[in-house]
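Scroll down for the structure; my scribbles are underneath it.
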Amino acid sequence: MTTPSTPLSRRRFIQGSAIAAGAGAMAACTTASPPAPRGSGSLTPLAVPTPTPSPTDSPDSLDSWAPLPLELAGLRLIARQDGRRLLLHTVGGDVSFWSGVTLGTTTPGHLPGHASATRVDYRRWLPMMAKLGIRVIRLTTLHPSFFYTELRAYNIAHPTAPLYLLQGIDVPDNDLLAAKGLFDPALTERASNEVVAVAAALHGDLQRRAGSAGPTGVTGTWDADVSEWTVGVVFGSRWVPEQLERTDTGNRKAGAVTGRYVTSTADASPSERWLAARLDELATELARRGTSAPLAVGSTPELDPLAHPQQPEAPANAASIDPGHIRATAAWPAGGFAAVEAYPYKPLFLFHEPDLGTEDPYRAYLKLLSTSLGDLPLLITSFGVSSALGSGGKGTNDRGQGHHTEPDAMKQNADMLRMFASIGLAGGMLPGWHDDWSASTWNTSERYAKVPPARRVLFHDPLTSDQWTGLVAHDPLRVGKRVVHEASADYLRRITFDHDASWAYLTLYFQGRVTSPVELGFSILGGGGLRFPGGSGDPIFDVAVRMVPTMSTTVVFIRSALDPIRLDGLPRGWWPSPERGGWNTQQLVLNRTYLVPGATTPVPPSFLDIGTLILGSWWDETAADYNSLATWHMARASAQDPAILRFRLPWSMLALADPSARSALVPTTSGPTMTAIKSMNVTVESSTPGSPVTFPLSWPRWERASYTERVKSGADSISTALAEVSRRLPAETAGPSRSSGAGSPTQS
């Protein structure tokens, strides 16, 4: 990359952009956009078309998002710290609040962290992001080289509406508890190598061969220079408190860092000194190529520099990372910032610290944290709630981790973005661009502990909230409806079954109205079971569904001996007591019992009732009763028309640990075990002529993740919020302030 000796003027930049835009538009005239994925998760590579101009491009320079490079202290930059703000310098003015989304590398059917996204995926996603109003893409690790190639191509074709990059560096997690902690020589070498590699990749001069790959295992040649759109780099994200504690106790004599670009303060801990040294290495690599960008160490609230005497989890208070102990020097004009992943449902101190009040503890905490950082900007690198049926914890102000409809999750996330802007934070990054089938959540992970990892990613669990955090849904494809029972002379005329990698679908067609309870019993293990919750039938059922039409309620029960809630770390005295003859209503644990420091009475566990199914339609977003969490539907027919009952049940609520291999979960006192099932028998009791009905239910094993893609319902809430919070200073007053020692901007 050639570094200009003088900064670009607005006029010169616009002229160059216009030429690039014309060339990109001409090259794109005869190409088509790639289709959305459908079918296998391992898509057949398509011919990659040239990006086409986007309607978001603006010919008006005052509306332009084109970068306006500056040269300060001999380095070229487009973004920098300005006191407690981060400024992105654009032709249309300085952007003082950065909003965007985290883009992962893993698509359905692949192991966590596996770089399975293809060139075609990136080519499709970038215009989708721009259409939603996203301006910044956050990466937590180095992506395959073709991502950077696609990003550069897209930005050249859309010069006045580019997508900016907040690059992350993934710290290899081998030897987390090595004797010297972070100072372990092998770990330090791996981290330093990754720093060098990322800096090179951003400037298009990295080659990685087999044997030298980083945490994601990607190899290749990175030859696309995207530094002119890189707004910052974040080193690491989720540090292990025990690792930091071991680092601090075992390296007390570690020397202070006095780098050219980054230093550690006198009171920095050994961990903070190690981190400062890595940032100085990063700055050195960037400066060697003539660029500067704001730098940060990624962190979490558990490691913040504040005191949390009410934090129940002692290890979370064992160590901290104070961004104020890691300082950029005057030779680094882009400065630095604090980067924190902060969610409204954790840590537990959010719910117990008196200083945070009761009106909105999450807001109060972020404001307090921002104030404690002094002159450093605070950027929230990940936040938000999930659109899963399940949840992993209660949240402040109804911001629980999951159990939100898609529109509600989008609105909650949009409102949090607005809140960040209102209290003066530097920005916020949504947690995921697309859903991640490989993610795990603490309160369902034990249910799949015995499932081989390569099979675990073949199904998309509605109860695992971390799998449903994206703006884009990767919906599993349904196999196809088939008739499993038919008797035209009976009142229950027909039953159909369908399934996908998340749900089992059963539809019951009746001759007329249904006025008495309908019960479905599932005999899964083939041994002793229970009678229907209503008291009828043989004692053979492991899971049961009871629908009461007069109350419009449907509840799913599980035999208490099979209830996976006993795997969630609750003391035996807190296990749910069986009801209705040995049945438990299905629930998820939202928190285990714990003791707040200073208290004498433990906080009891809390639960989410997932057994009470949600009434509504899930197949038509335009329907008046549409609900993305709906799990049953009843067509209230006239006396002449048939009644139709539809059920959509998560495989995990049918006691299956691995539906792709037809394996059932059996919890025991020593842990979960797996039992293979050839088929399950289903009995339907409806108190109508011909009832009960029993039929076998089987499905083929599957070996691949089949899915399609869509933007989630309610995403317009995010688009509106992104437009509102992406503040820009007037163009005539834009530009960095003349900070002491940082050099004066020479923008013309």
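As the structure is a computational prediction, the values presented were derived from the model and not from experiment. Sequential numbering from 1 along the given sequence is applied to the chain's residues.
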Exercise. More than 12 foreign heavy atoms under 6.0 Å from CG of D398: is that the case here?
Worked result: no

Exercise. Would the number of heavy atoms belonging to other residues, nucleotides or ligands and lying under 6.0 Å from NZ of K712 be above 12?
Worked result: yes

With no hydrogens and no angle check, just 3.5 Å: does a side-chain donor-acceptor pair link [X] and [Y]?
| X | Y | answer |
| --- | --- | --- |
| Y345 | S391 | no |
| D500 | Y707 | no |
| T694 | T683 | yes |
| Q467 | H460 | yes |
| D461 | S652 | yes |
| N584 | S560 | no |
| T612 | D609 | yes |

What closest approach, in Å, do [X] and [Y] show between heavy atoms, and which atom pair accounts for it?
| X | Y | result |
| --- | --- | --- |
| G714 | M410 | O-CB, 3.2 Å |
| A664 | L656 | CA-CD2, 4.0 Å |
| V693 | G690 | CG2-O, 3.7 Å |
| R531 | G537 | NH1-O, 2.6 Å |
| E406 | S387 | CG-CB, 3.9 Å |
| E685 | S687 | OE2-N, 2.8 Å |

Exercise. Does the gap between the ring centers of W618 and W503 come in under 6.0 Å?
Worked result: no

For this session: Kindly state whether the ring of Y594 and the ring of H352 have centres lying under 6.0 angstrom apart.
Result: yes

Are the side chain of [X] and the backbone N or O of [Y] linked by a donor-acceptor pair below 3.5 Å?
| X | Y | value |
| --- | --- | --- |
| H403 | L389 | yes |
| S440 | S445 | no |
| T593 | V603 | yes |
| T106 | G113 | yes |
| D538 | I540 | no |
| H110 | T107 | yes |
| Q311 | F349 | yes |
| D435 | G470 | yes |
| S713 | P407 | no |

Is NZ or CZ of [X] both nearer than 6.0 Å to the six-membered ring centre of [Y] and within 45° of the ring axis?
| X | Y | value |
| --- | --- | --- |
| R646 | W619 | yes |
| R559 | F541 | no |
| R493 | Y509 | no |

Hey, could you give me the [atom1]/[atom2] distance between [X] and [Y], rounded to the nearest 0.5 Å?
| X | Y | atom1 | atom2 | result |
| --- | --- | --- | --- | --- |
| K394 | R399 | NZ | CZ | 16.0 Å |
| I558 | D542 | CD1 | CG | 8.0 Å |
| M547 | L508 | CE | CG | 8.5 Å |
| L654 | M680 | CG | CE | 5.5 Å |
| T140 | M429 | OG1 | CE | 13.5 Å |
| N397 | T358 | CG | OG1 | 9.0 Å |

Exercise. Could you walk me through whether N627 and T405 pass the side chain to side chain donor-acceptor pair (under 3.5 Å) check?
Worked result: CA-CA 7 Å; N627 188 322; T405 66; 5.5 Å; no

Are [X] and [Y] packed together at the side-chain level, in the sense that at least one heavy-atom pair is separated by less than 4.5 angstrom?
| X | Y | result |
| --- | --- | --- |
| S686 | F510 | yes |
| P667 | P672 | no |
| T554 | L645 | no |
| W239 | L303 | yes |
| P533 | E519 | yes |
| D498 | V479 | yes |
| E341 | R238 | yes |
| L613 | M653 | yes |

For this session: With F459 as reference, evaluate Y448, W702, W437 under the ring-ring contact (aromatic ring centres under 6.0 Å, His included) test and give the passing residue.
Result: Y448

Problem set entry | Positive for side-chain contact (heavy atoms from CB on, under 4.5 Å) with F607, one of D568, T585, L570 | L570

Seminar exercise, completed: side-chain contact (heavy atoms from CB on, under 4.5 Å) with N413: of I718, T469, D408, only one passes, and it is I718

Seminar exercise, completed: With sequence neighbours left out, the residues meeting side-chain contact (heavy atoms from CB on, under 4.5 Å) with T441 are Q401, N443, T444, T464, S465, D466

For this session: Answer yes or no: is there an ion pair linking E302 with K346, defined by an N-O contact shorter than 4.0 Å?
Result: no

For this session: Apply side-chain hydrogen bond (donor to acceptor under 3.5 Å, both in side chains) to D475 and list each qualifying residue two or more places apart in sequence or on a separate chain.
Result: R710

For this session: Determine, stepwise, if the pair E353 / H308 fulfils side chain to side chain donor-acceptor pair (under 3.5 Å).
Result: CA-CA 8 Å; E353 291 192 4; H308 297 293; 2.5 Å; yes

Problem set entry | Name of the residue among D304, D360, T396 meeting side-chain hydrogen bond (donor to acceptor under 3.5 Å, both in side chains) with Y365 | D304

Problem set entry | Which residues share a ring pair (Phe, Tyr, Trp, His ring centres under 6.0 Å) with Y491, sequence neighbours left out | none

Exercise. When you look at M674 and D658, which way does the side-chain contact (heavy atoms from CB on, under 4.5 Å) test go after all the steps?
Worked result: CA-CA 9 Å; M674 304 271 285; D658 180 4; 4.2 Å; yes

Problem set entry | Test log, rule side chain to side chain donor-acceptor pair (under 3.5 Å), inputs S660 and R455 | CA-CA 7 Å; S660 72; R455 299 210 67 88; 3.1 Å; yes

For this session: Just do the side-chain contact (heavy atoms from CB on, under 4.5 Å) check on V543 and L562 with the steps written out, would you?
Result: CA-CA 9 Å; V543 174; L562 292 181; 5.8 Å; no

